[in-house]
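Computed from a prediction, not measured in an experiment: that's the story for all the values here. We count residues from 1, following the sequence as given.
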Amino acid sequence: MLLKELAAAASPLNEQQVYKLTQVAAELNATQLAWVSGYFYGISQQGQAIAAVPAAAAQPAGKLTILYASQTGNAKGVAEALKAQADAGGVAAELFNVADYKIKQLKKETHVVIVASTNGEGEAPDDAIQFHKQLKAGKAGKLDGLSYGVIGLGDSSYEFFCQTGKDFDEYLSKAGAKPLLARLDCDVDYEGPATDWGNAALELLKDALAGDAANEVIPGAPATQGVASLYSKKNPFAAELSTNQKITGRDSDRDVRHIEISLEDSGLTYQPGDALGVWFSNDESQVDSLLQLVELSGDTEVKVDDKVLSLRDALINHYELTQGYASFVQAYAELSGSDALKALTEDKAALREYCANHQIRDIVAEQPVALTAEQLLGALRRLTPRLYSIASSQAEVDEEVHLTVGVVRFDHDGQPRAGGASSYLADRLEEGGKVRVFVEHNDNFRLPADDNTPVIMVGPGTGIAPFRAFMQERDARDAEGKNWLFFGNPHFTQDFLYQLEWQRYVKSGLVDKISLAFSRDQAEKVYVQHKLKEEGAEVYAWLEQGAHFYVCGDANRMAKDVHQALIELVAEHGGKSREQAEEYVDALRSAKRYQRDVY
């Protein structure tokens, strides 16, 4: 269209020149077009040759480099939001995954912000393993000219809270870099604090890094993303729960549900390895119990996100009540004057154990005091969605998504307690009811691109979920690669999840081998890590043939034990020292041949 308009106008350019100009323009973004416009105008005014005009003349003296180390996508999202903040504020910025960034480049930077999640037991995300190792070893050299900031993402219920962010802060400081702002350690409700920190950092950077080109804004730019982008964590899709089926036996001490949710008309798509985010509502009886303990009326009006709600509605839909957390214990210790809680906050290990076994009303019930609505909400943290590994492939189920949900149930002082999202899906949401969902993509847990590549899957308990999706996908693609599943649970007769499906896959030849560890079916407990070591020679042979190794499930014990078993079997059957075996396993992770989805 532009070519025709230029050709039709009274122009000093011939048609070929117009064509070349529009071809170049089509490849440039708004900022680049603005710079080129000024560049050619300068030439016309000064009569200088193109080669004589320094390309950096219209650029700011430095730029902000934003790096992210992300396991499931949260850190990437925060980094992208910071880049958008920088663009809006006229601060020149570039965005990189640390996996795509050379450590030596840090020496050339003036300002860097790193957004880092923590994986497993205080480990760097898979994409950041090499960067983390190199920075720790001092491979970046002296960084006296660098100003930096770090945003760490984590969950305070874990021992190594925000450890990767803390590591990056320490390593950059040791290299001589100077902090722009104090490191931000974010808990699960990270979006607000991260935005505030970003605004503060960019305010400090404006004078140093703002350039005229960066301030150029083209209003009314059309959206280019597809339908799927309409729904996200902040704008979830109201989906229909179509199936809620218990898949553990009548005598099992575990309640595991197979959940099917319709995504019809949403446009949402996912890949095997992705997770489904589920927003939920708290149990109304739990809310009423808490209100009674703090002597508050549920009709009291409060403000949440600029909306006026009743306190009861706010607690049901907007605040975390089913998990204990350190920040609430600390706040309530002050509000209640409880010496026991104050003492508990001084012992981190004891505090973590206490939070794991106490919901909010249980903490309050130990020393209830009358509170104002502002005091109560000020002590609570906001509700966050729960992420569930997707247990289906769209190649098989189309506009559906399947989940494998272990319902959290336990007793506290003889009273039944249940998890937030799991009991919402299992007990309080009827089939046909609506549930707000979104897809959380996880590019660090993917099937091999080559369908001929063998895969080893370790997924005890509900960790089997993504491997069900893997097999549906490989079945649909007629993949030739070998497949080996390690699965474990307490009892064969009660807890073999999706047993008939796995038997069918074995019979059809899709699954070559299944190794089972039912821990309570014999006197001595047997877990998946024991089976891995028993089959160590063959596991190592598969790895040497290029197999990808996957682990899904409990981060605190299982994943740690499986990791150690993997190192030990590589050492034993590969004829390696412990150090060499660790390097072998690290190389698998760096090559994305060892991937984990642990929680």
Side-chain angles (χ1 to χ4, degrees), residues 60 62-98 101 106 109-119 122 124-125 128 131-132 135 143 146-158 160-173 177-210 214 232-234 304-306 320 325-327 330-331 378-384:
K63 71 177 188 307
L64 171 63
T65 296
I66 304 169
L67 305 176
Y68 65 86
S70 190
Q71 188 67 25
T72 61
N74 288 339
K76 180 182 179 183
V78 170
E80 290 173 339
L82 180 59
K83 172 67 163 62
Q85 287 174 268
D87 291 344
V91 173
E94 290 185 325
L95 179 68
F96 298 95
N97 183 335
V98 292
Y101 186 85
L106 281 174
E109 305 286 4
T110 58
H111 300 81
V112 167
V113 169
I114 302 180
V115 186
S117 293
T118 295
N119 186 33
F131 183 86
H132 182 274
L135 194 59
L143 301 176
L146 178 66
S147 181
Y148 76 93
V150 175
I151 300 176
L153 303 187
D155 183 335
S156 59
S157 63
Y158 286 86
F160 299 100
F161 175 56
C162 289
Q163 188 60 50
T164 303
K166 294 173 182 177
D167 289 346
F168 285 146
D169 189 15
E170 177 188 346
Y171 303 156
L172 289 168
S173 180
K178 303 296 185 292
L180 174 69
L181 279 178
R183 184 188 72 246
L184 176 67
D185 293 337
C186 293
D187 211 336
V188 291
D189 186 12
Y190 58 84
E191 290 176 332
T195 299
D196 292 343
W197 188 96
N199 286 332
L202 293 170
E203 191 63 35
L204 293 174
L205 292 173
K206 271 188 176 180
D207 290 341
L209 300 182
S232 63
K233 181 179 179 180
K234 291 184 178 180
V304 180
D305 295 335
D306 297 325
E320 180 61 71
Y325 36 95
S327 60
Q330 291 161 352
L380 294 169
R381 73 184 185 193
R382 295 296 293 273
L383 192 71
T384 55

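Nearest heavy atoms, Phe161 versus Cys186: CE1-O, 3.5 Å. Nearest heavy atom pair, residue Leu209 against residue Lys63, reads CD2-N, 3.5 Å. What you find for Ala201 and Leu181 is that their closest heavy atoms are N-CD1, 3.6 Å. Nearest heavy atom pair, residue Glu320 against residue Leu380, reads O-CD2, 3.9 Å. Listed here is the closest heavy atom pair of Ser117 and Ala75: OG-CB, 3.4 Å. Listed here is the closest heavy atom pair of Ser173 and Tyr148: CB-OH, 3.6 Å.
The only option from Leu95, Val98, Asn74 that meets the side-chain contact (heavy atoms from CB on, under 4.5 Å) definition with Tyr68 turns out to be Leu95.
Here CD of Glu191 is found 10.0 Å from OG1 of Thr384. Values are rounded to the nearest 0.5 Å. For the atom pair OG (Ser156) and CG (Asp185), the distance works out to 10.5 Å, reported to the nearest 0.5 Å. Note that CG of Leu146 is 7.5 Å distant from OG1 of Thr110, once rounded to the nearest 0.5 Å.
Residues Ile66 and Phe96 have side chains not in contact (no heavy-atom distance under 4.5 Å, counting atoms from C-beta outward). Annotation: side chain of Ile114 is in contact with side chain of Leu172 (closest heavy-atom distance under 4.5 Å). Taking the side chain as every heavy atom from C-beta outward, Phe131 and Leu67 approach each other to under 4.5 Å. In this structure the side chain of Leu106 reaches within 4.5 angstrom of the side chain of Tyr101, judged on heavy atoms. Residues Asp196 and Leu184 are not in side-chain contact: their nearest non-hydrogen atoms beyond the backbone lie 4.5 Å or more apart. Side-chain contact between Asn119 and Thr164 is absent, with no heavy-atom pair separated by less than 4.5 Å. Under the 4.5 Å side-chain criterion, counting only non-hydrogen atoms from C-beta, Val304 is in contact with Arg382.
Remark: Lys76 NZ is loosely packed, at most 12 non-hydrogen atoms of other residues, nucleotides or ligands lying under 6.0 Å away.
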_Assess the residue pair Leu202 and Leu82 against the criterion (side-chain contact (heavy atoms from CB on, under 4.5 Å)); give the C-alpha distance rounded to whole Å, side-chain angles, the decisive distance to 0.1 Å, and a yes or no._
CA-CA 9 Å; Leu202 293 170; Leu82 180 59; 4.1 Å; yes

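A donor-acceptor pair shorter than 3.5 Å can be found between the side chains of Gln163 and Asp167.
Taking Asp187 as the reference, Arg381 meet the salt bridge (charged side-chain N to carboxylate O under 4.0 Å, His left out) condition, with sequence neighbours excluded. Checked against salt bridge (charged side-chain N to carboxylate O under 4.0 Å, His left out), Lys83 has the following partners two or more places apart in sequence or in another chain: Asp87. The salt bridge (charged side-chain N to carboxylate O under 4.0 Å, His left out) check on Asp169 picks up Arg183, with sequence neighbours excluded.
Within the 3.5 Å criterion, the main-chain N or O of Val150 finds no donor-acceptor partner in the side chain of Trp197.
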